[in-house]
Amino acid sequence: MGPSFSIPFDPCVNKVFQCLDKRVSYTHNLKKNLVDLEKTMGELNAKREDLLRRVKREEDRGLQRLAEIQVWLNKVETIESRVNDLLNARNTELQRLCLCGFCSKSLMTSYHYGKNVFLTLREVEKLKRRVFEEISGQALTSEVEEQQLQPTIIGQETMLDKAWKHLMEDGVGIMGMYGMGGVGKTTLLTQINNKFSKDRCGFHYVIWVVVSKEFQIEKILDEIALKVGLDKGEWKEKEKRQKVDLIYNFLRKKKFVLFLDDIWEKVDLAQIGVPFPTRENGCKVAFTTHSQDVCARMGVADSMEVKCLMENVAFDLFQKKVGQKTLDCDPGIPDLARKIARKCCGLPLALNIIGETMSCKKTIQEWRNAIDVLNSYAAEFSGMDDKILPLLKYSYDSLKGENIKSCLLYCALFPEDAIILKEELIEYWICEEIIDGSEGIERAEDKGYEIIGSLVRSSLLMEGVNGIGQSVVTMHDVVREMALWIASELGKQKEAFIVRAGVGLREIPKVKNWNVVRKMSLMENKIHHLIGSFECMELTTLLLGRGEYGNISSGLIEMISSEFFNYMPKLVVLDLSNNLRLFKLPEGISNLVSLQYLNLKATGTRRLPKKGLRGLKKLIHLDLEYTPNLESIAGISSLYNLKVLKLRDSRFSWDLDTVKELESLEQLEILTATTATINPGLEPFLSSHRLMSRSRFLEISGVYVSSQNRRHLESFRISLSGTMDKLSEFRIESCRISEIKMGRICSFLSLVEVYIINCESLRELTFLMFAPNLRKLYVEDGEDLEDIINKEKACEVQISGIVPFHKLKKLYLYNLPKLKNIYWSPLPFPCLQTVEVKRCRNLRKLPLNSESGKQGDNGLVITYSETSWIEGVEWEDEATKIHFLFSCIEKEY
């Protein structure tokens, strides 16, 4: 700071000189101090940059910079500004100095400037000397926003545990939970969110966003910004793209969990600035939706279905809502409470709301009335039309297309808890023209299955398989009530859609205005006679049959008066199925000029009304299956628009005239038929390329002849030639067919099930080579059967390059004493799961090697009835033996 001087005066005088010395040094050393200030500030800036790089590395690891670091950085920023101001004034101030800096043209100005430079230099040096051992600590993150839960949560403990464990798995980035409205999806997601309030599990941010049906990207961006603290300052003025980028750049180095509640369509994470969760970044996204389709579009491989509660658990929830005090008011109330709870079918929303409603009902009469209301028209029950049904209606409203919505409403025509055949449901839809059948029935059927899939994935229908392997759907009772409510125009027009199925009616219900009735379902009732006429000028659907739905063994309708159909000009669908006592149709059926669907399946019908048929010019679907009393279908050729004719297990006698009438049906696309071997029409029928190419089900049966007499009949051959690509199921039963001959052009592309039962003379089934999609083969009681596929015959018809049974899943071989071969060499059988062998003593070689059969879980299992048989099997090699012996099961038949 330059030389100083001191003269030995009085101490007071000495202090004065020291003060003057200091002040003179501010100007005398100004030039040097400015150089030092500039140099030291540069070194301080370099230190700041080094520190910021260290801080960034720590923050990228999810750590938070220490507060003292930020204070130091703020001080550097402040002093940098001061230094810049001083350096900017440098030239002016230096020009004021004279006498080597010991004097100035403006002494006070130079003094203050020089002092400021000196003091600033000291501060810069002090900041530069600061050393930081630690620069970061655990990140300070926002608290988890705990979502409010209803006080009573019952029955979701197992699902919660499963969902939590699944979400926390290392390989799971996105978890989707789907289910019908009111099933408890949001409650589950809320419980998972709230678990993070107790233990963050290393996540910096836990973000909850309600998406809802009105999906708005801007709203979601604002919600995320709010949760992570980015909504300050100029956030609202930013463009959407800027918001997306800001959120993305903030979250990409953070570990977060994002909860999206109630999404109705795919949410593109990139559009809301959310980095895609991966194993590497450890982030998670969990969402709820009504639709399984949404889960798939969100990239969820293993979506989780939230199901309704089991009956006992549901009743526990209902009891808690009602309260023990109310349940104890009358000894009869608990039993009635269980009935009401059962009506909710385990849906938590319905259990909660109806339980709350019933909590103040103290008398047995009020509870009985509640059951009456729920049974007759549940929408009138308190809380249904304003709390339960509107919530479910969101799922209905989200369906894309009015035809899909109409298909759903149609399902409500069936009784409660009905098990509805998919095939039957689609037939209704096609004939009602909800699905366009103009481009072919099969194409329309495919569309129907697609619609059912959409309804299932939207959690509005549930699918399954019945006891005989047929595909079925069911409808939740509360969803059914919602459909009935919508179909009646939200309760304003109840008589437009009358459904009294399975309620024990003994007569047609009373209706105030028949002219507004559009659809009426009286399935599963106890009505014996349909008498009189009703002016149903708008009626399009009348269901009076019985399906596989309830407990009534068969319908009870015995008689329909001639005038009953007089005033139903728009009737399109008439179902009278399963009324075994209905032996005759009235000629008045000819008045149904718009009828397209007539179901007489499993009725006692003996003959078709010839005059009546002539009026049914628009009929495209006629079901006469399982009609044991049917004597003839004479006159059917008048139904010239018929596309679907079902004659399976109908007992009428086929003759040449029958075949000619059927061949005259130019619009016919689908035929199912059972014909007896003694019928003179069998050979013409099998020879008819037109009829064979349209047959979906074919049964050749000799059941009309006793087994004793059948032994005296001569065996005969049948020929299958041409294209039979619609044939799905083929049965031969109780016949003396010695050979099934094949033409050079023979094809069974759709054949999936074959049953050969009690056919004494048949020696081989080589025709199965032409059935590449066969799934099930059942052969029983074939005394003379030696081969399934005969090598010599296969060579005769020049079959080459065909590997049979590629899609076969089930093979049953029962009581075939002469059977030696299934095939002459090992086959891959990639889909085969089940082989059952019973009393086939000469079958020593199976066409298997160690690679045959379905592999992995649910692999091939061989079931046998006799230990001696399995011990005598000649395996391809030791590896094959070891492979299959472990999966062989002995079974008593």
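Remember, predicted model here, so these are calculated numbers, not experimental data. Just so you know, residue 1 is the first one in the sequence shown, and it goes up from there.
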Review point. So, are E123 and R82 salt-bridged, with charged N and O less than 4.0 Å apart?
Key: yes
**Study point:** Greater than 12 external heavy atoms within 6.0 Å of Y394's OH
**Key:** no
Exercise for review: Taking S454 for its side chain and E450 for its backbone only, find out whether a donor-acceptor pair lies under 3.5 Å.
Suggested key: yes
Point to revise | Any side-chain donor near an acceptor of the partner, Q156 and Q191, under 3.5 Å | key: yes
Point to revise | Heavy-atom check, side chain of L251 versus side chain of V228, under 4.5 Å | key: yes
Check your understanding: Checking E356 side chain against I353 main chain: does a donor-acceptor pair fall under 3.5 Å?
Key -> no
Point to revise | Exercise: do T288 and D261 side chains pair donor with acceptor under 3.5 Å | key: yes
Exercise for review: Measure the NE2-CD1 distance between H166 and I192 for me, rounded to the nearest 0.5 Å.
Suggested key: 10.0 Å
Point to revise | Test ring pair (Phe, Tyr, Trp, His ring centres under 6.0 Å) applied to F250 and Y205, step by step | key: CA-CA 11 Å; F250 180 82; Y205 291 95; 5.5 Å; yes
Exercise for review: Could you walk me through whether F196 and W164 pass ring pair (Phe, Tyr, Trp, His ring centres under 6.0 Å), step by step?
Suggested key: CA-CA 11 Å; F196 284 107; W164 172 261; 5.1 Å; yes
Check your understanding: So, the side chain of T326 versus the backbone of S359: is there a donor-acceptor pair under 3.5 Å, distance only?
Key -> yes
Practice item. Determine yes or no for a side-chain-to-main-chain donor-acceptor pair under 3.5 angstrom, with K47 supplying the side chain and K128 the backbone. Key: yes
Exercise for review: Evaluate the side-chain proximity of P277 to F256: yes if any heavy-atom separation is below 4.5 Å, no if none is.
Suggested key: no
Check your understanding: With distance as the sole criterion, is a donor-acceptor pair present between the side chains of N74 and Q70 under 3.5 Å?
Key -> yes
Exercise for review: Would you confirm whether T40, through its side chain, and L37, through its main-chain N or O, come within 3.5 Å as a donor-acceptor pair?
Suggested key: no
Check your understanding: Any side-chain heavy atom of F276 within less than 4.5 Å of one from I174?
Key -> yes
Review point. Does the S197 side chain pair with the main chain of N194, one donor and one acceptor, at a distance under 3.5 Å?
Key: yes
**Study point:** Residues, nucleotides or ligands: over 12 heavy atoms within 6.0 Å of M310 CE
**Key:** no
Exercise for review: Taking K284 for its side chain and V172 for its backbone only, find out whether a donor-acceptor pair lies under 3.5 Å.
Suggested key: yes
Point to revise | Non-hydrogen side-chain atoms of D293 and Y178 separated by less than 4.5 Å | key: no
Exercise for review: Measure from NZ or CZ of K405 to the centre of the six-membered ring of Y396, then state whether that distance is under 6.0 Å and the direction lies within 45° of the axis.
Suggested key: yes
Exercise for review: Describe, in one word, how the ring planes of F132 and W72 are oriented to each other, choosing from parallel (under 30°), tilted (30 to 60°) and perpendicular (over 60°).
Suggested key: perpendicular
Practice item. Show the numbers, then the answer: is there a salt bridge (Lys or Arg N to Asp or Glu O under 4.0 Å) between D199 and K195? Key: CA-CA 7 Å; D199 181 0; K195 283 173 79 76; over 6 Å; no
Check your understanding: What distance separates K266 NZ from T289 OG1, expressed to the nearest 0.5 Å?
Key -> 13.5 Å
Revision key, fill the gap. With V124 as partner, the option from E80, M41, K39 fulfilling side chain to side chain contact (heavy atoms under 4.5 Å, CB included) is M41
Check your understanding: Does H290 use its side chain to pair, donor to acceptor, with the backbone of W264 at less than 3.5 Å?
Key -> no
Check your understanding: Quick one: CZ on R122 to CG on D36, what's the gap to the nearest 0.5 Å?
Key -> 13.0 Å
Practice item. Give a yes or no on whether a salt bridge exists between R53 and D50, defined as a side-chain N under 4.0 angstrom from a carboxylate O. Key: yes
Review point. Is the shortest distance from a Lys or Arg side-chain nitrogen in R297 or E265 to a carboxylate oxygen in the other one below 4.0 Å?
Key: no
Check your understanding: Around E234, counting heavy atoms of other residues, nucleotides and ligands shown, do more than 12 lie under 6.0 Å from its CD?
Key -> no
Check your understanding: Do C283 and F203 come close enough that some side-chain heavy atom pair is under 4.5 Å?
Key -> no
Review point. Ion pair present between R241 and D245, side-chain N to carboxylate O less than 4.0 angstrom?
Key: yes
Practice item. Can you spot which of L258, L260, L189, V257 makes a side chain to side chain contact (heavy atoms under 4.5 Å, CB included) with W208? Key: L189
Review point. So does E237 pair up with K243, basic N to acidic O under 4.0 Å?
Key: no
Review point. CG/D268 to CE/M298 distance, rounded to the nearest 0.5 angstrom?
Key: 8.5 Å
Exercise for review: Using a strict 4.0 Å threshold on nitrogen-to-oxygen distance, state whether E223 and K219 make a salt bridge.
Suggested key: no
Point to revise | Check: L246 and Q242 side chains under 4.5 Å, non-hydrogen atoms | key: no
Exercise for review: May I ask you to say whether K165 pairs ionically with D161, meaning some side-chain N is under 4.0 Å from a carboxylate O?
Suggested key: yes
Practice item. Answer whether the closest heavy-atom distance between the side chains of L269 and I272 falls below 4.5 Å. Key: yes
Review point. What's the spacing between K185 NZ and M159 CE if we round to 0.5 Å?
Key: 11.0 Å
Point to revise | Straight-line distance of L86 CG to S81 OG, nearest 0.5 Å | key: 9.5 Å
